[in-house]
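Reminder, nothing fancy here: chain letters follow the sequence lines and each chain counts from 1.
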Amino acid sequence: MAETEHRPTNFVRQIIDKDLQSGLHNSIKTRFPPEPNGFLHIGHAKSICLNFGLANDYQGTCNLRFDDTNPEKENIDYVNAIKADVNWLGFTWDGDERYSSDYFEQLYGYALELIDKGLAYVDFSTQEQMREMRGTLKEPGTNSPYRDTPIAENHKLFEAMRAGEYKEGECCLRAKIDMTSPFMCMRDPVLYRIKFAHHHQTGDQWCIYPMYDFTHCISDALEHITHSLCTLEFQDNRRLYDWVIENISAPAVPRQYEFSRLNLEYTVLSKRKLIQLVDEHHVAGWDDPRMPTIAGLKRRGYTPASIREFCLRIGVTKMDNLVEMGMLEACIRDDLNVNAPRAMAVLDPIKVVIENYPVDQSETLVAPNHPNDESKGNREISFSREVWIEADDFREQANKKFKRLVLGKEVRLRNSYVIKAERFEQDQDGKVTTVYCSYDAETLGKDPADGRKVKGVIHWVDAASGVPAQINLYDRLFNVPNPAGAEDFVSTINPNSLQVVNGIVEASLTNAETGVAYQFERTGYFCADPDSSAEQLIFNRTVGLRDTWGRTEGA
RNA sequence: UGGGGUAUAGCCAAGUUGGUAAGGCAGCGGGUUUUGAUCCCGCGAUUCGUUGGUUCGAGUCCAGCUACCCCAGCCA
């Protein structure tokens with residue numbers, strides 16, 4: 001798809017333009033810094049597109065850095081999934097992926113530097129004591145009794161922490177800043193804590209791990225990141241970011257800028273909540289097609305280009321937002337409308353028997369793969385005496401607004417003949433099972449010679465060659481626009497977010513490649529599910545077609 | 001008077017030396033159409049959270065007010 005030619009401007013670009021013009025920087029370097037404690041989601045895609053997009057547009061580079069300072073929550077599977085997702089989105093990071101843990105030794109050295117400057121101390125207060133001494137939002141905190149431990153002793157104490165001489169929670173390293181600061185994060189923040197945990201990158205090498213605020217800014221400096229972009233909740237932390245950089249022998253001075261995180265209607269985008277959905281089996285896994293994860297969107301049938309386009313359209317600002325799902329759907333429809341070959345599939349089949357068509361005859365028809373793009377070629381579809389049509393496409397009686405098959409009336413079978421409904425059969429519940437029709441043999445590829453107008457066109461699948469398929473129809477995962485705002489977001493889960501249907505697809509779809517999109521004419525965009533253990537074809541509906549009829553009809 | 005942020009159409013979002021409100025999504029009309037799809041054409045803010053002020057002129061400058069978001073993890 002043709003992505004928007006020139007990127008819309010935003011405040012980050014303006015800052016970069018200024019920094020380039022003023023000569024502050026000759027080129028830019030950004031980074032995408034996920035913690036490997038879960039799968040990436042569409043919100044991360046916003047950050048990825050921003051960081052990698054900026055690097056591309058300004059001919060700079062972008063690093064992929066795993067912010068792996070909390071081994072208890074992280075693992076290598078997430079690292080691998082994240083790398084795959086970033087690549088799948090179409091981005092390439094500069095050199096090898098980095099890890100904050102690559103810098104543990106240097107970070108340790110900077111911590112020692114702060115200690116030696118009298119700007120950090122080892123605190124043996126309990127967590128509860130620290131909380132009490134921190135004060136509140138409106139009241140200043142009070143100094144720790146360990147705050148004035150002599151420098152030399154702090155130096156030894158910290159070395160002892162590293163050597164494993166203290167238990168978890170027994171002590172921690174804190175920056176000596178200002179317990180009365182209006183910024184809570186400046187009230188002597190913890191820099192290092194003790195964790196006897198195995199780390200996916202450094203193994204058992206360390207028993208002390210640096211905190212985010214100490215690690216991130218230094219990692220940025222070590223990588224010579226020029227513009228460090230993060231989300232709004234880190235605005236206060238910027239004071240600490242700058243404090244650390246100013247007080248150590250930093251090799252560079254990176255700057256942090258914050259933008260608002262993405263909120264999408266009818267889903268949740270917080271790692272904690274997504275983990276809960278997976279752990280409590282509200283969904284089948286991280287790549288469940290209903291999940292807003294990159295892996296889920298991929299399995300659902302979203303393309304990398306459509307997600308990039310979405311990120312372009314939503315923009316980058318500091319305003320809180322809640323983007324409509326329709327925005328995302330418009331992006332994938334725009335992509336698939338021009339790129340997806342058409343095919344026919346019936347989701348809720350009823351039989352049509354064409355009584356004046358020879359019993360043992362069948363013929364091969366040619367159908368274009370795309371109505372507006374001849375270059376996509378044609379395919380062959382078979383036609384015979386019995387075909388399946390959509391149950392919704394037949395009514396015993398209806399007004400002229402209903403442009404489908406009605407008893408005694410004609411309708412065009414897409415890419416085929418005009419048929420007329422003569423009579424029908426239904427089961428004991430009143431559901432129509434079979435419609436007996438006649439066909440006009442002179443209407444293949446042309447209108448009736450006598451000038452009869454046949455307005456309706458419906459899709460169908462040849463009964464003799466059609467293939468049964470499981471079709472997964474997805475709906476929003478939650479019943480409310482902003483589940484994150486609910487008291488209990490789990491209670492707002494939509495119990496009908498997945499509807500499994502047994503349909504019939506045209507024979508050409510038998511070998512549909514996993515993940516490759518098709519438009520099933522008149523019903524939507526679908527792609528084959530990767531589930532290889534399944535015994536039959538499985539198609540996932542990515543998104544339906546825009547449906548103005550369904551709207552008026554339903555109303 | 002804790003501090004940090006944000007307020008432009010239903011949603012997203014341009015608007016940067018003050019000069020008379022881009023664009024996209026959604027919606028609504030109309031046209032084309034063997035997908036009620038696509039495509040094409042047309043329609044939306046006398047108004048920029050609010051109240052005042054400065055000015056010939058303010059979304060853009062100033063002051064006050066209001067609403068919403070974030071911060072009291074040895075999480076990120």
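Residue A/I314 has its side chain nearest to B/rC12 when only B/rG36, B/rA76, B/rC12 are considered. Among the nucleotides B/rC74, B/rG27, B/rA14, the one closest to any side-chain atom of A/T9 is B/rA14. Relative to the side chain of A/D236, the nucleotides B/rG15, B/rG73, B/rC71 differ in distance, and B/rC71 lies closest.
In this structure B/rG2 sits in a base pair with B/rC71, meeting the Watson-Crick or G-U test at under 3.5 Å. Partner assigned to B/rG19 is B/rC56, using Watson-Crick or G-U wobble distances below 3.5 angstrom. For B/rG36, there is no paired base (Watson-Crick or G-U wobble, both distances below 3.5 Å). For B/rA76, there is no paired nucleotide, since no Watson-Crick or G-U wobble pair has both relevant distances below 3.5 Å. Using Watson-Crick or G-U wobble geometry with both donor-acceptor distances under 3.5 Å, B/rA63 finds its partner in B/rU51.
Using a 4.5 Å heavy-atom cutoff, the side chains of A/Y166 and A/L157 are in contact. When side chains are defined from C-beta on, A/L264 does not count as touching A/L322, because their heavy atoms never get closer than 4.5 Å.
Residue A/E132 contributes atom CD, which lies 16 Å from atom C1' of B/rC74 at whole-angstrom precision. Atoms CZ (A/R31) and P (B/rA76) sit 15 Å apart, rounded to a whole Å. When rounded to the nearest whole Å, the span between CG of A/N482 and C1' of B/rC11 equals 14 Å. B/rU35 atom C1' lies 14 Å from atom CZ of A/R333, rounded to whole Å. Between A/Y241 atom OH and B/rA76 atom P the separation is 16 Å, expressed in whole Å. Spacing between atom CZ of A/R342 and atom P of B/rC39 amounts to 11 Å, rounded to whole angstrom units. A straight line from CZ of A/R238 to P of B/rC71 spans 16 Å, rounded to a whole angstrom. For A/M179 and B/rG2, the CE to P distance is 19 Å, given to the nearest whole Å.
Aromatic pair A/F124/A/Y146: centroids less than 6.0 angstrom apart. Separation of the A/F234 and A/Y212 ring centroids falls under the 6.0 Å cut-off.
In this structure, A/K46 reaches neither bases nor backbone, as no heavy-atom distance under 4.0 Å exists between it and the strands shown. Contacts of A/D67 with the nucleic acid, taken as non-hydrogen atoms under 4.0 Å apart, involve only primed sugar atoms and P, OP1 or OP2. Residue A/S181 is out of contact with every strand shown, counting any heavy-atom pair closer than 4.0 Å. Base engagement by A/G169 is indicated by at least one non-hydrogen atom pair under 4.0 Å involving a base atom. Note on A/F402: a base of the nucleic acid sits closer than 4.0 angstrom, heavy atoms only. Among the heavy atoms of the strands lying under 4.0 Å from A/K318 are primed sugar atoms or P, OP1, OP2 only; no base atom is included. Note on A/K401: a base of the nucleic acid sits closer than 4.0 angstrom, heavy atoms only.
With hydrogens and angles left out, the side chain of A/R239 and the base of B/rG4 share no donor-acceptor pair within 3.5 Å.
A salt bridge is absent between A/E223 and A/R31; no separation between the charged side-chain nitrogens and carboxylate oxygens falls under 4.0 Å.
For the pair A/R134 and A/T548, both in contact range of RNA chain B, the more 5′-proximal nearest nucleotide belongs to A/T548. Taking the nucleotide of RNA chain B with the nearest heavy atom to each of A/Q235 and A/N337, the more 5' of the two is matched to A/Q235.
We find that the ring of A/W549 and the base of B/rG36 stack, their centres lying under 5.5 angstrom apart and their planes tilted less than 30°.
With P as the reference atom, B/rG4 and B/rA63 are 15 Å apart, rounded to whole Å. Nucleotides B/rC28 and B/rU17 are separated by 41 Å at their C1' atoms, to the nearest Å.
Here B/rG73 is in the syn range [glycosidic angle within 90° of 0].
A cation-pi arrangement is absent between A/R412 and A/Y417, since the terminal nitrogen or guanidinium carbon is not both under 6.0 Å from the aromatic centre and inside a 45° cone about the axis. With a 6.0 Å cutoff to the six-membered ring centre and a 45° limit on the axis angle, A/K273 counts as a cation-pi contact of A/F489.
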